[in-house]
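Working notes, structure below.
Values below: every heavy atom of this structure, side chains too, minus hydrogens, waters and symmetry copies. Labels below follow one simple rule: chain letters A, B, ... track the order of the sequence lines, proteins then strands, and each chain is numbered from 1.
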Protein chains: 2
Amino acid sequence: MSDPTSPLVDQTGRPLGPRAVETRLRLLETTKDLLSQRSVREIRVVEIARKAGTSPATFYQYFKDVEDAVLALAKQSSQELLDVVDTVSGSWDGANALDTARNIVDAFIRHWDEHHAVLRVRNLASDEGDPQFRKVRRESLSPVLQAIAQQIERSQASGHIANEIQPQAAAAALTAILERLAAYRTELEPLGITRKDLVETSARILVQVITGDQPK
Amino acid sequence: MSDPTSPLVDQTGRPLGPRAVETRLRLLETTKDLLSQRSVREIRVVEIARKAGTSPATFYQYFKDVEDAVLALAKQSSQELLDVVDTVSGSWDGANALDTARNIVDAFIRHWDEHHAVLRVRNLASDEGDPQFRKVRRESLSPVLQAIAQQIERSQASGHIANEIQPQAAAAALTAILERLAAYRTELEPLGITRKDLVETSARILVQVITGDQPK
DNA sequence: GCAAAATCTGATATACCGTCAGATTCGGAG
DNA sequence: CTCCGAATCTGACGGTATATCAGATTTTGC
């Protein structure tokens, strides 16, 4: 992520004064709002501008296009996850492991519930190879990924996990589960599977893969 | 999936003759080709039409919009996965489990490598709630999901897995791994993690979660 | 109170969308 | 063959969004 203390600039690189910052923020909020109502593909710059009480020309002063605005939103969200996961990740030793896992799973679900529209676009663009979105995504998930990989290495060193497991690959696999939890919900709830089921099941999978043993 | 033997129709519901079928196919192929080069958002109907040697008006004869064309492509791809997985899913008993898992993981990676552009759009639209894309996705993954869930239930009945695990939720989690394998590759290969690592690691996670024990 | 800087917008050239009436092509009856 | 009706395709067009820029408006510092 770009240094969050670095001053905001417009498309020509000029730093923003207080009025401009506010306009930019209003445009971002409106974008986020619209994004929760329709697909990115259907969002028009004109619509963002009008809803934000300004003009299309102003929008282009701050963003290259709609996707560029979503990139800014993605940076915000990603920073938020960093903060949350930090406060939530504890020890993976014995009895604590399951609680740590539960906390992480819960944090991810809340994060995705809050930002699903933005994060979906982020992941699509990232998968499509866009370097900027890729960077944002990586920086957001990296701490989680590294923490998990490290823990797996430890379990491997103590003989709890087979050497054929590649720690980083396994960490990536588990992260995939976390990233798609929110999407499951709408698929699974009609089947009578609750959020609690989802958290507990995922947490146990995490523990099992990370420690090599099923939690007690 | 809609009955594949049902005759193709145009936007007004009229069945297609042989020339029309060919034109439609050419438009689909062109769409697929463009989709592998740029994001859906950037694909123009005009461009598809011209590259397919026809006119925009013709495109609209067969598809509502670009997304509608991708939906058709998604149906194709999904059918393909059904076929592949069918031939590849074997027994989860003891020594066979790991091979079965390897086969499934390998099939998914190949499937995503082949169709990533289409499948990404399918999943995005599905996550966004589009009923048609949702249906296609569900029908494609359902057999895998059900097979895994059933196997987990069995392990649970024999006491190998804790009752706190919800079989369908666990199956969904594992499917998430499968669905994102291809995306990992571009992230993990720069770190020196090979396709083989990925297959082996994921397969072992599958076995561990499904049977409750690490494979030998 | 006023000039300079910052911010915003009307106007516009350009491009795509999505439709329809009519042109073109095709297949088969005579 | 040739002609006709059905199938298929497209030119042309009105509507709308994009993206830019010169100039209008607002704010700031003095």
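Side-chain proximity of Pro18(A) to the nucleotides dC20(C), dC8(C), dT7(C) is greatest for dT7(C). Among dG11(D), dT8(D), dC16(C), the nucleotide with an atom closest to any side-chain atom of Val46(B) is dC16(C). When each of dA19(D), dT10(D), dT9(C) is scored by its nearest atom to the side-chain atoms of Ala57(B), the top-ranked nucleotide is dT10(D).
Side-chain nitrogen and oxygen atoms of Tyr60(A) include none within less than 4.0 Å of the OP1 or OP2 phosphate oxygen of dC8(C). Dashed line: the shortest gap from a side-chain N or O of Arg44(A) to OP1 or OP2 of dT16(D) is not under 4.0 Å. For Thr58(A) and dT9(C), the shortest distance from a side-chain N or O to OP1 or OP2 is below 4.0 Å. Look at Thr23(A) and you won't find any side-chain N or O under 4.0 angstrom from OP1 or OP2 of dT7(C). Considering only side-chain N and O atoms, Ser55(B) lies nowhere under 4.0 angstrom from the phosphate OP1 or OP2 of dG11(D). In terms of phosphate contacts, Thr54(B) brings a side-chain nitrogen or oxygen within less than 4.0 Å of OP1 or OP2 of dT10(D).
A salt bridge links Arg102(B) with Asp99(B); the closest basic N to acidic carboxylate O contact falls under 4.0 Å. The pair Glu179(B)-Arg122(B) meets the salt-bridge criterion, since a charged nitrogen lies less than 4.0 angstrom from a carboxylate oxygen.
Per the geometry, CG belonging to Asp10(B) stands 14 Å off P belonging to dC20(C), to the nearest Å. Here dT9(C) presents its P atom at 10 Å from OH of Tyr62(A), a figure rounded to the nearest Å. Summarising the geometry, the separation between CZ on Arg24(A) and P on dC8(C) is reported as 13 Å, rounded to the nearest angstrom. Atom P of nucleotide dC9(D) and atom CD of Gln11(B) are separated by 14 Å, given to the nearest angstrom. Between the CZ atom of Arg50(B) and the P atom of dA15(C) there is a distance of 14 Å, given to the nearest Å. Rounded to whole Å, the distance from CG on Leu16(B) to P on dA7(D) is 11 Å. One atom, CD1 of Ile48(A), and another, C1' of dA17(D), lie 12 Å apart when rounded to the nearest Å. dC17(C) atom P lies 14 Å from atom CG of Asp68(B), rounded to whole Å.
Contact of the Leu28(A) side chain with the Phe63(A) side chain is registered, since non-hydrogen atoms from C-beta on lie closer than 4.5 Å. The shortest side-chain heavy-atom distance between Pro143(B) and Asp86(B) does not fall under the 4.5 Å cut-off. Proximity of Arg38(B) to Glu47(B): side-chain heavy atoms (C-beta onward) are separated by under 4.5 Å at one or more points.
Contact annotation for Ala20(A): backbone-only contact, meaning every heavy-atom pair under 4.0 Å involves sugar-phosphate atoms and none involves a base.
Comparing Arg19(B) and Val45(B) along DNA chain C, the residue whose closest nucleotide (by nearest heavy atom) sits nearer the 5' end is Val45(B). Positionally, the nearest nucleotide of DNA chain D for Arg26(B) lies more toward the 5' end than for the other of Arg26(B) and Glu47(A).
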